Participant: 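Please find one structure pasted underneath; my questions will follow.
As the structure lists them, so they are numbered: ligands from 1, and atoms in each ligand from 1. Everything numeric in this text was worked out from a predicted model, so none of it was measured.
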Amino acid sequence: MCGIFGCILKKGLVAPQILDGLKRLEYRGYDSIGVATLHSGIIEIRKDKGTIQEVTEKLKINEMKGTIGIGHTRWATHGAPNMINAHPHTDTHGKIAVIHNGVIENFLELKQELIEKGHIFLSKTDTEIIPHLIEEELKQNKILKLAILNALKRLIGSYALAVISSLEPDKIICARYESPLVLGISNDGLYCASDVPAIRPYTNKVIYLRNGELATLKVDGYEIIKISDSTVIHRDFEEIEWTLQESEKQDYDHYMLKEIFEQPISLKNGLWLQEQYVDLLTQFLDRGKEVLLLGAGTSNHACIAGSYIFSKLARLTAYPVISSEFIECYGSSIGIDSVILAVSQSGETYDTLKAVDHARMRAATVLGLTNTVGSTLTRVSRAYLIQQSGPEIGVAATKTFTSQVIVLTQIALKLAKLRGKLSQDELDEYEKNLYNIPYWVETVLNRTYLNIKSIAKKYKNSKLFLFLGRGISSATAMEGRLKLLEITYIPCLAYPAGESKHGPISVVEEKVPCVFICPKGSTRSEIIGSIMEIKARGARIISICEEGDSEIIQLSDDVVEMPKGIPDLLSPIPYIVPLQLLSYELALIKKLDPDKPRNLAKSVTVP
Ligand code: AGP
C-alpha cells in the first residue's frame, strides 16, 4: 500500500520531518518516493524511483525549503515504478500538488473527459487525474476546499489523499474514503499520514479521519467536514499510548495478523480492477485451445480453486499446474494454441518464471496475475492483471490468496458472459455475491476469532493435522494445510476427502484432529460420508460449516460456523479465513514468529 505524509509547521523546514515520516511507512512496501514543498509562493517537487535513502541522496530532498509539504511512498498499482509515475502529481500549471493512496476505479473516463478539455497527462497513474480535476473545478469557484470537494464527488474507488496549492499556501487539505488517514496535532504543527508510525515521533495526539471526511490543516488549527454535505465534524484528538515500535503494525502483534484483518479492504480493492485488462485476459483465454493455470505454493492453491471456477462458470477446462513440474509434465505438449495464466504474488518466483520462459519458447500465450507492478512476470506476460492487495510483509500468504481467487472469479465471470454460458440472472447473482465477499470476510473475522483461539488451545499438542474438503473446498483444505505447516511446522496432510479411502485414512487414529471444510454445496452428502468414515476411526472432527448446519454440527467435536448464503464456488475466500487464524494462533502458542517461519522466504527467487 502507498504511504502518504503531510506536515505544516509553525517554523522550521518540513522536508526532514517528511522524510522521517516516510521512513516509518517503508514497511508498507514501495518502489518510488517523492516530496513537494511550498515556499516563496511556488511548489517544488523532487521525486524518483528508488528507496528513500537513494532518492534523498540523489535529489537532496532534505534540503528542500518550506514550512509546508507532502511526501509519498508509492506502491505501484497503475503504471510501472519510475520518476514520471511517482507522486506527487500536479495540475497543468504546477499550482496544485496531490499525493494519493488507493485505487480510482473510474480514472480512465475522467482522464478522457479532461483530455477533451485540453489537459495533458504525463504519467500512467490514476492519481494524476485528481489535480487536473481540481484545476477544472477551480474554474467554477475560486475556493480550493470547494474545488477539492467537487472533485472528490466525481471519484469512484478508494483514496487517502493530501493536497497543497500555491493558490492557498497556508494549508494542507486531506481526505479519505476506504484508505486510512490519521491526523496528528502538536504545538509545533499539524500532520496527516497513512497511519500512526509516521507521526508518532512528533505527537501522540491523533484523530482518525473517517470514511467520507475532509480535513483542512493550518498552523493554528484544523477543521473536519463531511464530503457529502460539508457538515462540520467536531472531533477531539485521542492520546495514543503505543510505542513507535508497536504502532508499525498498527495494533496488531504481527504483520500476518494485520494482513489477515486487511482482507475486507484488499478484497474490495481486488474488485476495482481495470476493466480493459480483465477483458484483455478474457479474450486470450477464450481463444486458447488449452488453458493451464501456473503457480507455486499458495498461488498453486489459488489456481486449483480457479480450475473449479473456470469450469463451473465458463465451462472452460483450465489445468492447475505446479510451477516446478510444468516443464516436465507439459513442456513438450504445449504450443501456439496454449494459454498459460501464471499466478504469482511476487511476480519473481523462480519456478514460475522458468516455466513461463519455456512456455514462451514454445510460442504459447503467457498471461500474468500478480501483486507486484514492475515485477518480472509483468514484463514477460503478453498481458497481466495487478490484484491490488497491497504489500504483504508476512511470509505466509493470506490476503494475497483471497485476492487471487476473487480476481480469477471475475475473469471466469467475464468469460462466462463472453461465451454465453450463464444466464443474465445467474451472472447478476454471482456479481452480487462477489460484492458480498468482503462483508462476509469481515463477519467471519469478527465472529469466529475467539472460537478459533479456543480450538487452537485444545489441539495445541497435536502432532498431525488433516485438512479435507470436496470439490473446490479441496483447494481450501490444501491452503489451510500449507498455512499450518509453514508457520507452526506441525506435519499436516491435505487432499480431496474422496481420496481418504485410497490410502491416507491409514494415518487416522484416536484424537487426530481432522479439519473438514464443508460449505453447503453439491458435494454435501459426500463430505458427510467422509466425516463419518474418519470419525469412525477416532479422529477429532473440526468442521468449518454454514451456521446452523445441524447435521454437520452433530458429527463434529468442534465447529466454526460461517455466515449463511455463501455460494460453494466462492467459499474458498471466506472459508480460508478461520484456517489462517488457526495457524496464526497455534504458532503463537508454540512461541514461533508467524511473520518469519524458519527456512522460508517471502519470494523464492532461486531454483
Ligand atoms: C505461501 O504462504 C508461501 N509464502 C509460498 O508458498 C508462496 O505462495 C510461493 O512461494 C509462491 O509465491 P508467489 O505467489 O510470489 O509466486
Side-chain angles (χ1 to χ4, degrees), residues 29 75 254-260 262-263 266 270 292-306 320-326 340-357 366-381 384-408 467 475-490 492 494 572 576-577 579-584 586-587 592-607:
W75 170 266
H254 297 94
Y255 289 118
M256 181 177 177
L257 190 61
K258 174 171 171 280
E259 287 147 11
I260 290 171
E262 272 177 349
Q263 289 180 110
S266 55
L292 296 98
L293 306 177
L294 184 69
T298 289
S299 296
N300 169 245
H301 299 151
C303 291
I304 294 170
V321 191
I322 289 177
S323 299
S324 55
E325 289 303 318
F326 175 80
I340 317 296
L341 174 54
V343 178
S344 172
Q345 188 282 130
S346 62
E348 300 297 347
T349 296
Y350 173 86
D351 292 336
T352 304
L353 295 177
K354 186 179 173 197
V356 160
D357 285 347
V366 172
L367 308 174
L369 169 56
T370 183
N371 190 36
T372 312
V373 178
S375 61
T376 304
L377 182 59
T378 61
R379 291 199 299 277
V380 299
S381 299
Y384 65 86
L385 257 178
I386 300 295
Q387 65 190 65
Q388 296 173 165
S389 323
E392 190 173 62
I393 312 294
V395 167
T398 48
K399 63 176 181 174
T400 54
F401 170 73
T402 49
S403 291
Q404 287 170 338
V405 177
I406 206 166
V407 171
L408 291 171
F467 291 82
T476 315
M478 287 178 217
E479 177 55 14
R481 180 277 317 269
L482 179 59
K483 290 295 91 76
L484 193 64
L485 196 65
E486 67 176 324
I487 67 169
T488 69
Y489 322 144
I490 300 170
C492 306
I576 193 62
V577 173
L579 304 183
Q580 294 170 342
L581 292 170
L582 178 66
S583 60
Y584 175 79
L586 276 166
L592 298 170
D593 182 347
D595 286 339
K596 302 186 189 85
R598 68 185 180 198
N599 310 333
L600 295 178
K602 183 59 189 170
S603 175
V604 184
T605 56
V606 293

Participant: Quick one: look up the protein heavy atom nearest atom 10 (O) of ligand 1 and list residue, atom name and how far away it is.
Facilitator: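 The answer is V604 CG2, 4.0 Å.
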Participant: With side chains defined as the heavy atoms from C-beta onward, is the minimum distance between S266 and E392 less than 4.5 Å?
Facilitator: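 No. Closest side-chain heavy atoms not under 4.5 Å.
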Participant: For ligand 1, which atoms, with element, lie under 4.0 Å from some heavy atom of S346?
Facilitator: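 Answer for ligand 1: 13 (P), 15 (O), 16 (O).
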Participant: Where is the nearest protein heavy atom to atom 3 (C) of ligand 1: which residue, which atom, and how far?
Facilitator: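 Atom 3 (C) of ligand 1 sits closest to the protein heavy atom E486 OE1, 3.5 Å.
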Participant: Check for a donor-acceptor pair, side chain of Y489 on one end and backbone N or O of L592 on the other, with a separation under 3.5 Å.
Facilitator: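 No; zero donor-acceptor contacts below 3.5 Å.
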Participant: Suppose I only count heavy atoms of S299 and a 4.0 Å limit; which atoms of ligand 1 are within that range?
Facilitator: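 Under 4.0 Å from S299, ligand 1 has these atoms: 8 (O), 13 (P), 14 (O).
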Participant: Do any nitrogen or oxygen atoms of V395 come within less than 3.5 Å of a nitrogen or oxygen of ligand 1?
Facilitator: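 Among all N and O atoms of V395, at least one is under 3.5 Å from an N or O of ligand 1.
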Participant: So do the side chains of L367 and S381 get within less than 4.5 Å of each other, counting heavy atoms only?
Facilitator: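 Answer no - side chains too far apart.
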Participant: Counting each atom of ligand 1 from 1 as listed, which ones have a heavy atom of Q345 under 4.0 Å away?
Facilitator: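 Near Q345, the atoms of ligand 1 are 13 (P), 14 (O), 15 (O), 16 (O).
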Participant: So for K483, does at least one of its heavy atoms come nearer than 4.0 angstrom to any atom of ligand 1?
Facilitator: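 The answer is yes: ligand 1 sits under 4.0 Å from a heavy atom of K483.
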Participant: Taking the side chain as C-beta and beyond, is there a heavy-atom pair between L341 and L292 under 4.5 Å?
Facilitator: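 Sidechains of L292 and L341: no contact.
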Participant: Tell me: protein heavy atom nearest atom 13 (P) of ligand 1, and distance?
Facilitator: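 Here the nearest protein heavy atom works out to T349 OG1, 3.3 Å.
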Participant: Nearest 0.5 angstrom please: E262 CD to Y255 OH, how far?
Facilitator: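 That separation rounds to 11.0 Å.
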Participant: How about Q580 and V577: do any of their side-chain heavy atoms sit closer than 4.5 Å?
Facilitator: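 Yes; the side chains approach each other to less than 4.5 Å.
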Participant: Looking only at protein heavy atoms, which one is nearest to atom 7 (C) of ligand 1, and how far off is it?
Facilitator: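 Checking every protein heavy atom, the shortest distance to atom 7 (C) of ligand 1 gives T298 N, 4.1 Å.
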Participant: Quick test: of every protein heavy atom, which one is nearest to atom 6 (O) of ligand 1, and how far off is it to 0.1 Å?
Facilitator: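 Among all protein heavy atoms, the one nearest atom 6 (O) of ligand 1 is G297 CA, 3.3 Å.
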Participant: Using a 4.0 Å cut-off to any heavy atom of A396, which atoms of ligand 1 qualify?
Facilitator: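 Contacts of ligand 1 toward A396, numbered from 1: 2 (O).
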Participant: Is there a heavy atom in T352 that sits closer than 4.0 Å to ligand 1?
Facilitator: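 The answer is no, since T352 has no heavy atom less than 4.0 Å from ligand 1.
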Participant: Looking only at protein heavy atoms, which one is nearest to atom 11 (C) of ligand 1, and how far off is it?
Facilitator: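 Protein heavy atom with the smallest distance to atom 11 (C) of ligand 1: A296 O, 3.4 Å.
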Participant: Would a 4.5 Å heavy-atom cut-off, applied to side chains only, mark T398 and E259 as touching?
Facilitator: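 Yes. Closest side-chain heavy atoms under 4.5 Å.
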Participant: Using the ring centroid of each side chain, check whether Y584 and H254 are separated by less than 6.0 Å.
Facilitator: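 Yes - the distance between ring centres of Y584 and H254 falls below the 6.0 Å cut-off.
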Participant: I'd like to check whether G347 has a polar contact with ligand 1, where a contact means an N/O of the residue lying under 3.5 Å from an N/O of the ligand.
Facilitator: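 No - when backbone and side-chain N and O of G347 are compared with those of ligand 1, no distance drops under 3.5 Å.
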Participant: Does some side-chain heavy atom of T298 sit less than 4.5 Å from a side-chain heavy atom of Q345?
Facilitator: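 Heavy-atom side-chain distance check fails, nothing below 4.5 Å.
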